[in-house]
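This report concerns only the one structure given below.
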Amino acid sequence: MTFNWNYMFGLVADAEFWRATWTVVKLSFLTWIISIALGFFLALAKQSKRRLFNLPARAYIWLFRSLPLLVLLIFIYNVPQAWPASTVVLSDPFWAGLMAMVLSETAYVAEIHRGGLLSIHKGQTEAARALGLAFFGTQWRVIIPQALRVALPSLANEYISIVKLTSLVSVISLTEVLMVGQRLYSENFLVMETMAAVAFYYVFIVTVIDFLLKRLERFLDVNLRNVSRVPDAEVLALATQQRPVLARAAATGNEVPALQATRLHKAFNDVEVLGAVSLAIQPGEVVSVIGPSGSGKTTLIRLLNGLEQIDNGDIKINGQPFIHLEKQGAQKPRFIENPAYRLNIGMVFQSFNLFPHLTVLDNLLMAPRYHKLGPVEELKQQAYALLHKVGMLDHTWKYPHQLSGGQQQRVAIARALMMRPQIMLFDEPTSALDPEKVNEVLQVIEALAQDGITMVIVTHEMNFAFKLSDRIVFMEKGRVVCDDKPQVLRSGHNPRVEAFLKDVQLA
Ligand code: ADP
Ligand code: MG
């Protein structure tokens, strides 16, 4: 038997093969893009805690991963027999094929997305929530861009599978590459030569697309970006022209606390971690929360801004209800949060939680733009001014991974200040830092205290707390043991506080 090389090479320039190649590219690309978009909704639904969403999502993924694509193709192509109105679309094998492939691929892609979504640290969602982003805003601006980056290698792999699966669509007589080959060899019986040409076309498509996807992957990888842009004269002028507007004015008179928590309770898995904690913060006051590890300081801060739901008690802002529980007879009380007050509270996390896919400037601008707090140029000016204030103006166009921990935390403080919160909450802002970076962050916080910003600071930096605070709250085992002026705590009235402070050399 001889192999007809000339015939095979002739097929490489065959017009009908190239038309079929274009069909394969269109079909596979559309399938891929549509499945990626729909797959996200499916993945989010499957992750949802509500059965209304997660049950149908689970059922869909289970069903369409079990069905062979061939069965689905023939089924969809024949739907017009039972439902004539669908003839308009489904009598065309391209659209019928696309529909069957999307139905099937969405189930696979959803699982790939879920892997990407799970890889995003929960601190990202919390940071977005603390900045007042709602569910879809958080997904769209914070989670999906990052998850997509993680999932891209798997998605690229899936694309290659899709290209090969398009050959199945020949069963519903779509003229794709395999179909063209089959027609040829059924006439001339040069099966080997024709199939070698068919193979060439598939390898060609996959190679080109693979190359393009690798380029895309590199383009999206912020870790490979090294930004060297520094502020020019114009930006410097904007940054120093006027002092940043720091806080929104308290809505009411002086007597009402800016933040008032009354008898907060919180249990995790039936173990009480906070019991009847009350706290009132007056406008302009700086309050530090200290105490041993596990005493409930982080939990308290997280209850105050709604990141964790209270089991009992209520929280008021400027005397107005912010968080409370609505009793519903014998049922579990409903958690109610007034979203209008969410932005009155700014939060700085122990682990910074900057958005790694955004530059420093975009980290600052994201939430104010989401909330449409003003024209972009004005917001930028505010961002420059704040970055100048925290000493980070030179790093405006860098990505978080290019910064040290102390620098990241200073950016995180500026990001929270962009929303002009009335009260700033800090949860051990320096605990994740190298010792030599601690001071640069403490200095920034101290400057804010001098500007009169109302602050609640959980900290282990005792000298800092005692120097800066108007009041210090000492917590132990989920209770407030002592809530008083620093001088009173120092005086040794309370034996438990004294024992805790004994090891700390107060300056
Ligand atoms: P602190 O910040 O003072 O070190 P935390 O508020 O982090 O204390 O924790 C108080 C207690 O609550 C600890 O015993 C901790 O293990 C528990 N705890 C905190 N968060 C959770 C959670 N999500 N699930 C279960 N237990 C938790
Ligand atoms: Mg803590």
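Whatever order the structure lists them in is the order used to number ligands and atoms, beginning at 1. Just so it is clear, the model here is predicted, and its values are computed rather than measured.
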Part of Thr298 with heavy atoms under 4.0 Å of ligand 1, whether side chain, backbone, both or neither: both
Just go through Ile301, Thr299, Val458 and tell me whose heavy atom is the nearest to atom 5 (P) of ligand 1. Thr299
Looking only at protein heavy atoms, which one is nearest to atom 11 (C) of ligand 1, and what is the separation? Val273 CG1, 3.5 Å
Go through the side-chain N and O atoms of Asn54 and Ser48 and say whether any donor and acceptor fall under 3.5 Å apart. no
Examine Arg415 relative to Phe355 and say whether NZ or CZ is less than 6.0 Å from the centre of the six-membered ring and inside a 45° cone about the ring axis. yes
Numbered atoms of ligand 1 (with element) below 4.0 Å of Ser293, judged on heavy atoms: 4 (O)
If only side-chain N and O atoms count, and only distance matters, is there a donor-acceptor pair under 3.5 Å linking Asn318 with Gln422? yes
Both conditions, 6.0 Å and 45 degrees, for the charged tip of Arg225 above the ring of Phe219: are they met here? yes
Does any N, O or S atom in Thr298 come within less than 2.8 Å of the Mg ion (ligand 2)? yes
Measuring from non-hydrogen atoms of Gly291 to any atom of ligand 1, is the shortest distance under 4.0 Å? no
To the nearest 0.1 Å, how far is atom 10 (C) of ligand 1 from its closest protein heavy atom, and which atom is that? Gly294 O, 3.5 Å
Rounded distance (nearest 0.5 Å) linking atom CG of Leu274 with atom CG of Leu264: 7.0 Å
